[in-house]
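Side-chain atoms are counted along with the backbone in the values below, which use heavy atoms only and exclude waters and symmetry mates.
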Amino acid sequence: MVTSGEARVEYDDKTVIIHENEAFVVEGSRPHAVWNNLDGRTVMIGITLTQE
């Protein structure tokens, strides 16, 4: 979840841009990378869910 700025998520052969006040879900077992997509500051909240 991006609270300010803009993030870029890369996984498989895909790239997704996440804008301020948007969220994106990627399965944690899937290899992925998250990057700041701006020259300025980006703030994100990461949430990890586990299944019991």
Side-chain angles (χ1 to χ4, degrees):
M1 181 182 314
V2 176
T3 60
S4 69
E6 184 178 278
R8 181 177 78 246
V9 179
E10 299 176 352
Y11 67 99
D12 298 334
D13 292 333
K14 299 178 177 86
T15 299
V16 179
I17 304 301
I18 314 302
H19 300 98
E20 186 171 327
N21 298 319
E22 293 182 343
F24 183 75
V25 177
V26 61
E27 188 177 324
S29 62
R30 175 179 288 184
H32 62 282
V34 181
W35 303 93
N36 181 357
N37 202 47
L38 300 176
D39 289 333
R41 180 176 162 175
T42 293
V43 178
M44 297 180 61
I45 298 172
I47 300 171
T48 301
L49 301 174
T50 60
Q51 294 180 346
E52 295 183 22

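For the side chain to side chain donor-acceptor pair (under 3.5 Å) test, no residue two or more places apart in sequence or in another chain qualifies with T50. Qualifying salt bridge (charged side-chain N to carboxylate O under 4.0 Å, His left out) partners for E10, counting only residues two or more places apart in sequence or in other chains: R8. Under the side chain to side chain donor-acceptor pair (under 3.5 Å) criterion, E22 pairs with H19, sequence neighbours left out.
The salt bridge (Lys or Arg N to Asp or Glu O under 4.0 Å) contacts involving residues 24-37 comprise D12-R30, where partners must be two or more places apart or lie in separate chains. A side chain to side chain donor-acceptor pair (under 3.5 Å) check over residues 39-48, counting only residues at least two apart or in different chains, returns the pairs N36-T42.
Membership of the apolar cluster around V9 extends to V2, Y11, V16, I18, F24, V26, V34, M44, as traced through chained side-chain contacts below 4.5 Å between ILVMFWY residues.
Here the straight-line distance linking atom CE of M1 with atom CD1 of I45 works out to 5.5 Å at 0.5 Å rounding.
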